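By convention in this document, chain letters (A, B, ...) are assigned in the order of the sequence lines, proteins followed by strands, and residues within each chain are numbered from 1. Quick caveat: nothing in here was measured; it's all calculated off a predicted structure.
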Protein chains: 2
Amino acid sequence: MPEPAVRRLSLYLRELEGLLDRQCETISSRQLGSLLNLTDAQVRKDLACFGQFGHPGVGYRVSELVVRIRSILGTDRTWNALLVGSGHLGRALLSYRGFARKGFRLIAAFDNDPTKINQRVGAEPGILVEPMDRLPEAVARRGIEMAILAVPQSVAQTVADQLVAAGIKGILNFAPASISVPAHVSVATVDLAVHLEQLAFRICTRQVELERQTAGKQQGADAIGGPSR
Amino acid sequence: MPEPAVRRLSLYLRELEGLLDRQCETISSRQLGSLLNLTDAQVRKDLACFGQFGHPGVGYRVSELVVRIRSILGTDRTWNALLVGSGHLGRALLSYRGFARKGFRLIAAFDNDPTKINQRVGAEPGILVEPMDRLPEAVARRGIEMAILAVPQSVAQTVADQLVAAGIKGILNFAPASISVPAHVSVATVDLAVHLEQLAFRICTRQVELERQTAGKQQGADAIGGPSR
DNA sequence: GCTTGTGAAACGTTTCACAGCA
DNA sequence: TGCTGTGAAACGTTTCACAAGC
């Protein structure tokens, strides 16, 4: 199953949910692609990986496709998640409404800092920050399958190990570190600084590209004796 | 220039900076790869794209490689950045120390919500949240090249247009929407909900894989009449 | 011995082009 | 006409294998 196709599936779903709000009933692969700067063939190939959802001559029915993609991604149900690390980022994530809209419920929070334990964080009524030793029981008792890791780099691996031991099946890791887990556990790492770094690189590269293009055009113009403008 | 190689360059740098702290002087492609679950050949090919940094029989000198990669990524200097949207996520990003460590300075913040304007946010002394109409002047006067977009989906494109008009060269977009900008501007989108969705998919898939594996083994054992255990 | 850098082979992804269908 | 689904071609990335160097 092509990994890039799975990544794009989430993006298709995001756009389709938007179209649903605007009561758009059907959409062609070309239209959906143009929303994400993809070719029509790309969209069709991606969707065809998972079944035949389209209607020749018509396109894709938005509501139908939304249901299908949710079912493929496993977001046609709610997932319970917990948070470890109630620093600035952790608290922001607890308050983020985007997760709930997609069916993810953050229902517990943990930290090992005594000054943070027993505080209530997030939108009213808030979630109680519990000490780390309560984690295993919470996972078992409250049916929590996912964890959001928002702790400092230095303790990321240790906490990840605790999460795995507690029976967590997937970790969304915001710590700037690559963590290792057993094969039955999935990890997705989001390193915010890395994304800014990539942006810096792209800005530099874009700048150079444009300069080269301009220079090339000028030289070309010079060579054929065209107007330098 | 292979796009995946550039992505990994940031990860190499992150690991190398860690090794530098632990006074590790040299590292082989195999060792560096194992930190990130990559093959040694992958590491060598990636680095070779940008020059000859290695020393046969020795490996790569950590401090040298750090300098080289920073120079390639364009993070051998500081970048000034601004933030738009001082909601929960925006304020968390202003307080995040990881950016400063990588040479990114968040030096201005904007919002169009009157209740947020003129507040000070982030670590002491804090950054003053200014109204959107001050944005163009701030970009020009303070040499700001990057923007972090942490606004709701509904206004993401509008604000992006304002940023472009103000002369911003790169946007790190946290809004759950794909935004379009002219070719001379770079965008990186980080959709937090999408990452959780991908994690949900991987958890489901992993579960099925393991079940199939177990079933396969059992069947295999049955077929050859081995112990069913 | 161990290491890098690199052409060549293997693999995966995207694009093309068109048959089949409403 | 307009659309999907799909084999085939084109393109890009990763892995292999080994010469060259410490």
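- Listed nucleotides dC16(D), dT13(D), dT15(C) differ in distance to Glu3(B); the shortest reach to its side chain belongs to dT13(D).
- Contacts of residues 4-13 of chain B with DNA chain D (heavy atom under 4.0 Å): Pro4(B), Arg8(B).
- Atom P of nucleotide dA9(C) and atom NZ of Lys45(B) are separated by 13 Å, given to the nearest angstrom.
- Under the 4.5 Å side-chain criterion, counting only non-hydrogen atoms from C-beta, Arg70(B) is in contact with Thr75(B).
- Met1(A) places its CE atom 10 Å from the P atom of dT13(C), with the value rounded to the nearest Å.
- Taking Arg8(B) as the reference, Pro4(B), Ala5(B), Tyr12(B), Leu38(B), Gln42(B), Asp46(B) meet the side-chain contact (heavy atoms from CB on, under 4.5 Å) condition, with sequence neighbours excluded.
- As rounded to whole Å, 8 Å separates atom C1' of dG5(C) from atom CZ of Arg44(B).
- The distance from atom CD of Gln42(A) to atom C1' of dT13(C) is 8 Å, rounded to the nearest whole Å.
- Between Leu163(A) and Leu82(A) there is a side-chain heavy-atom pair separated by less than 4.5 Å.
- Taking atom CZ of residue Arg61(B) and atom C1' of nucleotide dT4(C), one finds them 13 Å apart after rounding to whole Å.
- Atoms CG and CD1, on Leu73(B) and Ile69(B) in that order, are 7.0 Å from each other to the nearest 0.5 Å.
- Note: CG (Asp46(A)) to P (dT14(C)) measures 7 Å, nearest angstrom.
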